[in-house]
Amino acid sequence: TTIMAVQFDGGVVLGADSRTSTGSYVANRVSDKIVPIHDFIWTCRSGSAADTQAVADYVKYYVDAHSMELGRLPRVRTVANLMRKICYNNKDNLMAGLIVGGWDPYEGGQVYEIPLGGTIMRQKFALGGSGSSYIYGLVDSYYREGMTREECEIFVKKSISHAMARDGSSGGVIRITTIQSTGVQRQCILGSDVCMAMRWNHDYFYHGLNQRLKDG
Amino acid sequence: MEPMAGEWTSAAHSMGTTIMAVEYNGGVILGADSRTTTGVYVANRASDKITQLTDNVYLCRSGSAADTQVVSDYVRYFLNQHTIQLGREATVKTAATLVKELAYQNKSFLQAGMIVAGWDKYDGGSVYAVPLGGTLLRLPFATGGSGSSYLYGFLDQAWRPQMSKDEAERFVVKSIALAIARDGASGGVVRTVTVNEHGVERNFFAGDKLPLFHEEIPPGRNSLLA
């Protein structure tokens, strides 16, 4: 899995690949790893599919009740802390790496990372899943403060493409969810629209191959 | 808890490391960090992981420090004899094949990830990766060690063929700095070796010369030293 979330001024962009594997078999090549917890708060899931589905369902239930009692939109911080409590108190029995991203009217766009063990960290951008190791260098060199929504979307798409190219457990399509005060938009980037991350390999090894094939 | 003798006093030296080599227009550039660890203790913070095999071929070492030192000693010895018998300088391919033979035939005893790179007049600059297990793979750029995982995405995106010498050196230094930022087992300074038809040039980039990434504090403005 590769999951990622980036904050921008006024919202967040969440991204994920779509491969669920059991060993070397790809059980689902079009899975949706980004789930809604509330209208403007979504979560990226990584680790055990069963564990993360269970945790997300619990948090969704609690936040639903909480926001009705409150009478207004819940804070992203609240959702993240609820998730963290569940992950921390059950740390021996869970394998769940989660990224909570959302928008609230109090603090704007926020990203919280909850890795294995149940720490909670607010960050400008967060990476998770097995494929994330391969893109730390890329993300560190590419990221800058003050990116616009479009720039963040391109950043997420590029990074996840590169992770999918190198990680056997990541693949399929790229799902992007953009959350702003105006609403939530979901995108799916498929096939050849996923950028050719290994273009250097293609150019280097097949350079001249088409020409040679034509020449016979 | 024992106050003085920790596990690190008896642990084997390992080079949790970042090493890489890159082909550029006219030669190759090898780069490495300088941290050697025994457990969590940094046994040497200024080690040199790029060793010479012949005048024109160099080796980047990662994994067990002992294993890679022995392999490079053997290969240097064989190449020395080979050069004398051949009457010309050995090719990079020959050196890489020798490294591969040792790594493959002794795969159950060794823990050595190596990159062989150099320049010869037949193939120009070449980079050969010899990872754990003893594969031999020629590539335009190769990376190894614990810090290398973090670099794949960056290298796939940023490497271009036919870079100039300065571009390639900046590229190598930036990559190793990115790996040092994320990998606890890599650190210290960045050493580079440039090999081309004119010879060999060694370079050294200390902390203040390395590029900074988002949120990193520039050296000299650390509040602890105020």
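What's counted below: heavy atoms across the whole structure, side chains too, no hydrogens, waters or symmetry copies. Protein chains get the first letters and strands the later ones, always in sequence-line order, with residue 1 at the start of each. This is a predicted model, so every value here is computed, not measured.
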A.B. asks: Could you name the residues of residues 172-183 of chain B that have a heavy atom within less than 4.5 Å of a heavy atom in chain A?
C.D. replies: K174(B), L178(B), R182(B)
A.B. asks: Using a 6.0 Å cut-off, check whether atom OH of Y104(B) has over 12 heavy atoms from anything other than its own residue.
C.D. replies: no
A.B. asks: Please rank S132(A), S133(A), A163(A), G131(A) by heavy-atom pairs under 4.5 Å with chain B and give me the top one.
C.D. replies: S133(A)
A.B. asks: Determine the minimum heavy-atom distance between W200(A) and L139(B), stating which atoms define it.
C.D. replies: CH2-CD2, 4.5 Å
A.B. asks: Can you confirm whether more than 12 heavy atoms, excluding those of R202(B), are under 6.0 Å from its CZ atom?
C.D. replies: yes
A.B. asks: Tell me, yes or no, whether the heavy-atom count around R186(A) atom CZ, taken from other residues, nucleotides or ligands under 6.0 Å, exceeds 12.
C.D. replies: yes
A.B. asks: Around atom CE of M95(A), are there more than 12 heavy atoms from other residues, nucleotides or ligands closer than 6.0 Å?
C.D. replies: no
A.B. asks: Does anything in residues 154-170 of chain B reach chain A? List residues with heavy atoms under 4.5 Å apart, or say none.
C.D. replies: F154(B), D156(B), Q157(B), W159(B)
A.B. asks: Chain B heavy atoms under 4.5 Å from R166(A): which part of the residue, side chain, backbone, both or neither?
C.D. replies: side chain
A.B. asks: Verify the neighbour count for atom CG of D9(A): are there more than 12 heavy atoms of other residues, nucleotides or ligands below 6.0 Å?
C.D. replies: no
